[in-house]
Amino acid sequence: MTFERFALDIYALSFGTMLVQITIGAIMAVRSRNLVHCFLGLVMTLVGVAGIYYFLGSPLLAVMQIMIYVGAVCVAIAFGLSLTRKAGEEGLQPAGLRGFVPPFITLAMLGSVLLGLSEREWVGYPKKIDESPIGQMLLGEYLLPFEVISILLTVAVIGAISVALIRRRN
Amino acid sequence: MIMEITIVRTLLSILGITLVVGLNAVFVVWLERKVAGHMQYRLGPTEVGPAGLLQTVADGLKLVSKQIIFPRSADTPIFILAPIICLVPVFVALLPVPFSENIQAHELDVGLLLVIALGLLNTLGILLAGWGCDNKYALLGASRAVAQILAYKIPLLLCILPIILLSGTFSLREIVVAQDHSLWFALYQPVAFLIYLVAITMETNRSPFDFAEAESELVAGFHTEYSGMMFSLFFLAEYTYMFVAAAIASVLFLGGWLGPFFPGPVWMLLKIYFFLFLMMWFRWTFPRVRVDQMLSFGWKILLPISLLNFLLTAGVMAAL
């Protein structure tokens, strides 16, 4: 049983590393005064969340997390950053009093999540989930919301283009 | 017992992937110099080892012994992280690549998606490299890399979709198996195959689309400030990425390990190096196009054609 013990330890260690990475990334994204460091923190957190998905038995969600959030959203943010700001420019200092609000909200949310989860059963080693129903449900039961979201995105893209065109004309 | 096998398997996979990454880089750098040489009526490296085969090893030793220079105004953590962020994703992207029916590091049913997603992380590394070293040429190269990713990634995905329709799976292994009893998918999807070839040339930052480096206009672009081993990490990442892209191309379109006479891995490697040779051929034949030409080519030509191709495939498959 030593090998099983060893594997579980490795599993716990990797899971813990992901948690640490998410937390450090989140703090960096909020606290850093350098925009590029904030961006790096955001990427770290998103990749860490992908890792959590993988460890909880859903590789599809993990890959989608990387593809959509890191690949698309972060690259779009980066594109915006490289167009608007000089690299490494310092931002504004945050107001002192408002700094107490985020820790309070964080603690409140953490407490409520832990309270909600305390009734559940704890599993040490989750099994892989069958992900094929996701696709079938998206194109079956949830077809209307799926289509509505894609129309919304199209509208957003057209809106962005028209705003950019108006700016350019002026 | 199963645990022991899992752990040994994991260690073997890591060892195998490291070997593939290292040996491929050594071989491809040599091949690139030989191909470049012969295309320009030169010989290329000849002195070190038989036919100059050990030239890359000697170059590697030189690079290891060189000093790494940190620019004073560079953002040191990002400067150090950038080459690592470039290299790690391509390392992981080798996981789901099947070299034969039973040689594969890790069978994932979303293998193809994983490789595509990790390809996006590679661009992020280039971007951070450009930002981190506080150099305007590097920053220009990085912002070009980001503009480029938007131009090729959508046609690339639209070329892969017909293959997924034909094979009905995201698993690289299953895609090859699906080609066992039919023709190779390149014959069903010639348009997608050609667009995919162009898109991977763009994706791996190879000439004629090497805007992020563009040594004649940007002084080597995003890796201008890197020296020694950190510089060679970028090249290790680039050549491994070429290997991965070529492997995916042969899995999707040329039937992966399938082929007569030789065992599977031989066919797989032959096909991979066929694609790598093609990419070198492009590099030493075509001049670099302009950035705006590349962007309009990606958005106005590749995207509509690949979209039409996808719709046509879906229509024909629905009709059958």
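The shown structure was predicted, so the numbers you read here are calculated from the model rather than taken from an experiment. Letters A, B, ... are given to chains in the order of the sequence lines, protein chains preceding strands, and every chain is numbered from 1. The figures here come from the full heavy-atom set of this structure, side chains too, leaving out hydrogens, waters and symmetry mates.
For the side-chain contact (heavy atoms from CB on, under 4.5 Å) test, residues two or more places apart in sequence or in another chain that qualify with Thr18(B) are Ile14(B), Phe91(B).
With a 4.5 angstrom heavy-atom cutoff, Leu127(B) touches chain A only via side-chain atoms. Neither the backbone nor the side chain of Tyr69(A) comes within contact range of chain B; no heavy atoms are under 4.5 Å apart.
Nearest heavy atoms, Met64(A) versus Leu113(B): CE-CD1, 3.9 Å.
Atom CE of residue Met67(A) and atom CG of residue Leu157(B) lie 6.0 Å apart, to the nearest 0.5 angstrom. To the nearest 0.5 Å, atoms CG (Leu120(B)) and CD1 (Ile66(A)) are separated by 9.5 Å.
Put simply, the residue from Val47(A), Val70(A), Leu40(A) that forms a side-chain contact (heavy atoms from CB on, under 4.5 Å) with Leu124(B) is Val70(A).
Comparing Leu108(B), Asp109(B), Ile116(B) by how many heavy-atom pairs each has under 4.5 Å with chain A, the most go to Asp109(B).
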